[in-house]
Amino acid sequence: MKKCVITVVGKDTVGIIAKVCSYLAETKINILDISQTIVSGYFNMMMIVDTNESVKNFDEISGDLDKLGKEIGVSIKCQREEIFDMMHRI
């Protein structure tokens with residue numbers, strides 16, 4: 001399994017989850033875990049996904065999500081799970 005951590009942060013607007021999840025479904029990326037909150041009008045979502053069956057490679061996915069984020073006015077970052085874990089070890 002190839003896991004990635006996707007974070008979405010920005011001002012809350014209608015359709016953020018729908019647009020991100022639609023992209024993931026179209027590229028055959030499975031959502032394993034998801035958490036989202038809205039605090040004082042700011043949207044924050046973190047997802048753990050499995051890219052093993054994806055029709056695109058990691059660089060394409062990361063670039064597409066960055067572009068999608070700019071289109072909808074949020075920041076979307078995609079990191080490989082092992083890199084994310086190493087960055088956040090105590």
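- Closest of all the heavy-atom pairs between V55 and E26 is CG2-O, 4.5 Å.
- I31 and I16 fall within a single hydrophobic cluster, where Ile, Leu, Val, Met, Phe, Trp and Tyr are joined by side-chain heavy atoms under 4.5 Å apart, directly or via other members.
- The heavy-atom pair separating R80 from C4 by the smallest distance is CA-SG, 4.2 Å.
- What you find for K11 and V74 is that their closest heavy atoms are O-CG1, 4.2 Å.
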When you look at D66 and K77, which way does the side-chain contact (heavy atoms from CB on, under 4.5 Å) test go after all the steps?
CA-CA 7 Å; D66 184 56; K77 300 297 178 200; 4.0 Å; yes

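- Across all non-hydrogen atoms, the minimal contact from K19 to I72 is CD-CG2, 3.4 Å.
- A donor and an acceptor atom, one from each side chain of D12 and Y42, are nowhere located under 3.5 Å apart.
- At a threshold of 4.5 Å between non-hydrogen side-chain atoms, the residues V49 and N30 do not count as touching.
- Listed here is the closest heavy atom pair of L65 and C78: CD1-CB, 4.1 Å.
- Residue V5 is not grouped with residue L24 when hydrophobic side chains (ILVMFWY) are merged at heavy-atom distances under 4.5 angstrom, including chains of intermediate members.
- Hydrophobic clustering keeps I29 apart from L32 (ILVMFWY residues linked when any side-chain heavy atoms are closer than 4.5 Å, directly or through intermediates).
- A 4.5 Å side-chain heavy-atom check between V9 and F43 finds every atom pair outside the cut-off.
- Within the 3.5 Å criterion, the main-chain N or O of M46 finds no donor-acceptor partner in the side chain of T7.
- Using a distance-only test at 3.5 Å, with no hydrogens or angles considered, a donor-acceptor pair links the side chain of S54 to the main chain of T27.
- Linking ILVMFWY residues whenever their side-chain heavy atoms come closer than 4.5 Å, directly or via other members, places I38 and M45 in the same cluster.
- For K2 and D50, the salt-bridge test fails: no basic side-chain N is under 4.0 Å from an acidic carboxylate O.
- Residues L68 and I34 fall within the same hydrophobic cluster, defined by Ile, Leu, Val, Met, Phe, Trp and Tyr side chains chained together at heavy-atom separations under 4.5 Å.
- Here the closest heavy-atom approach between residue K56 and residue I61 is recorded as O-CD1, 3.6 Å.
- Judged by distance alone, with hydrogens and angles left aside, the side-chain atoms of E60 form a donor-acceptor pair with the main-chain N or O of N57 at under 3.5 Å.
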Please lay out, stage by stage, how I76 and V20 fare under the test side-chain contact (heavy atoms from CB on, under 4.5 Å).
CA-CA 9 Å; I76 304 178; V20 173; 3.9 Å; yes

